[in-house]
**Student:** 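Can you read through this structure? Questions will come right after.
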Amino acid sequence: MRVPTSVITAGSLIGGWQIARRTGIRPLGGAVLAAGGLAAGREWARRTGPVTTGALVATYLGAFAVSHPLAKRIGSWPSVIAVSAVTAAVSYAAADRR
């Protein structure tokens, strides 16, 4: 049974942030993000075409980038939850739903 990429992306965004926050080792959180991105990217490439895969990778990376300035406005937890939810929804719609 395959894990949906929506779960991988949301889990790695939330998990990476929590690991970095709790350990104080930001590269460790980055490793979780990278592992999630690679796992999801491999599935996206297998399930969709190169254009969709590129758009999904951009969405995942964009979520990480947007979460930082968004956290200054609405707080860390709400920011991470918001970008994770959007990324998961996009991933589900473009790759998992099929």
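Keep in mind that the numbers below use all heavy atoms, side chains included, and drop hydrogens, waters and symmetry copies.
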**Student:** Within this structure, what is the CZ-CZ distance for the pair R21 and R26, rounded to the nearest 0.5 Å?
**Tutor:** 13.0 Å

**Student:** As a test of understanding, state which of T5, T48, V3 forms a side-chain contact (heavy atoms from CB on, under 4.5 Å) with E43.
**Tutor:** T5

**Student:** Do L61 and L13 sit in one hydrophobic cluster, given that two such residues count as connected whenever their side-chain heavy atoms are within less than 4.5 Å of each other, even indirectly?
**Tutor:** yes

**Student:** Between D96 and R2, does any side-chain N to carboxylate O distance fall below 4.0 Å?
**Tutor:** no

**Student:** Closest approach of I19 and G29, non-hydrogen atoms and distance?
**Tutor:** CG2-N, 4.2 Å

**Student:** Rounded to the nearest 0.5 Å, how far apart are OH of Y60 and OG of S84?
**Tutor:** 8.5 Å

**Student:** Which pair of non-hydrogen atoms, one from V32 and one from G16, has the smallest distance, and what is that distance?
**Tutor:** CG1-N, 3.6 Å

**Student:** If I compare all heavy atoms of A94 with all of T52, which pair ends up nearest, and what's the gap?
**Tutor:** CB-CG2, 4.0 Å

**Student:** Kindly give the heavy-atom pair with the smallest separation between A95 and L56, and that separation in Å.
**Tutor:** CB-CD1, 4.1 Å

**Student:** Does A93 offer a backbone N or O that forms a donor-acceptor pair with the side chain of R97 under 3.5 Å?
**Tutor:** yes

**Student:** Work out which heavy atom in A88 is nearest to a heavy atom in S6; give both atom names and the distance.
**Tutor:** O-CB, 3.2 Å

**Student:** State which residue, out of V90, T59, V83, T87, fulfils the side-chain contact (heavy atoms from CB on, under 4.5 Å) condition with T9.
**Tutor:** T87

**Student:** Between atom CG of L33 and atom CD1 of I14, what is the distance when rounded to the nearest 0.5 Å?
**Tutor:** 11.0 Å

**Student:** Rounded to the nearest 0.5 Å, how far apart are CH2 of W77 and CH2 of W17?
**Tutor:** 5.0 Å

**Student:** Any chance CZ of R22 has more than 12 other-residue heavy atoms, nucleotides or ligands included, within less than 6.0 Å?
**Tutor:** no

**Student:** How about S67 and S79: does a side-chain donor come under 3.5 Å of a side-chain acceptor?
**Tutor:** no

